[in-house]
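Take a look at the structure below.
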Amino acid sequence: MAVAFVLGNSHKIATSLFDFASTITVTLANEFAEADSDMYLSSLTHPRLVLFGLSFITSRRRRVSC
């Protein structure tokens, strides 16, 4: 949540490096509490699983190469 506060948690495309922004993980975390239907919940769960898989693969590849 500290990242959300530092970046400003703004949901628009930044035109400058110093504009307010939002990350995918912060957006998923904020929207997850508001998921009121099964479709909405699954549309937030699948990207979370993809991000977890990517971070897991990246971590494993880094440990193997060292």
Side-chain angles (χ1 to χ4, degrees):
M1 293 316 296
V3 173
F5 292 131
V6 171
L7 289 178
N9 201 21
S10 175
H11 296 288
K12 58 182 180 175
I13 298 174
T15 56
S16 171
L17 186 60
F18 301 107
D19 284 347
F20 295 119
S22 182
T23 62
I24 295 172
T25 53
V26 169
T27 302
L28 287 173
N30 287 341
E31 294 287 325
F32 204 79
E34 300 173 3
D36 55 356
S37 67
D38 290 336
M39 182 66 80
Y40 192 16
L41 187 62
S42 60
S43 71
L44 294 174
T45 301
H46 292 285
R48 290 175 75 172
L49 292 174
V50 170
L51 287 173
F52 176 74
L54 288 174
S55 65
F56 185 76
I57 291 169
T58 304
S59 175
R60 286 294 175 195
R61 291 184 77 191
R62 179 67 182 146
R63 288 181 190 225
V64 170
S65 67
C66 287

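As the structure is a computational prediction, the values presented were derived from the model and not from experiment.
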Original post:
Which atoms form the tightest heavy-atom contact between Phe32 and Thr45, and what is the distance?
Top reply: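 It is CE1-OG1, 3.8 Å.
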Original post:
Is it the case that Arg61 places NZ or CZ above or below the six-membered ring of Phe56, under 6.0 angstrom from the centre and within 45 degrees of the axis?
Top reply: no
Original post:
Regarding Tyr40 and Glu31, is there a side-chain donor-to-acceptor distance under 3.5 Å anywhere?
Top reply: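 Yes.
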**OP:** Can you measure from NE2 (His46) to CG (Leu51) and round to the nearest 0.5 angstrom?
**Re:** 13.5 Å
**OP:** Quick one: pull up CG in Leu49 and CG in Leu54 and give me the separation to the nearest 0.5 Å.
**Re:** 11.0 Å
Original post:
If you group Ile, Leu, Val, Met, Phe, Trp and Tyr by side-chain heavy-atom gaps below 4.5 Å, do Val26 and Leu28 land in one group?
Top reply: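 No, Val26 and Leu28 fall in different hydrophobic clusters.
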Original post:
Can you find a pair of side-chain heavy atoms, one from Pro47 and one from Ile24, that are under 4.5 Å apart?
Top reply: no
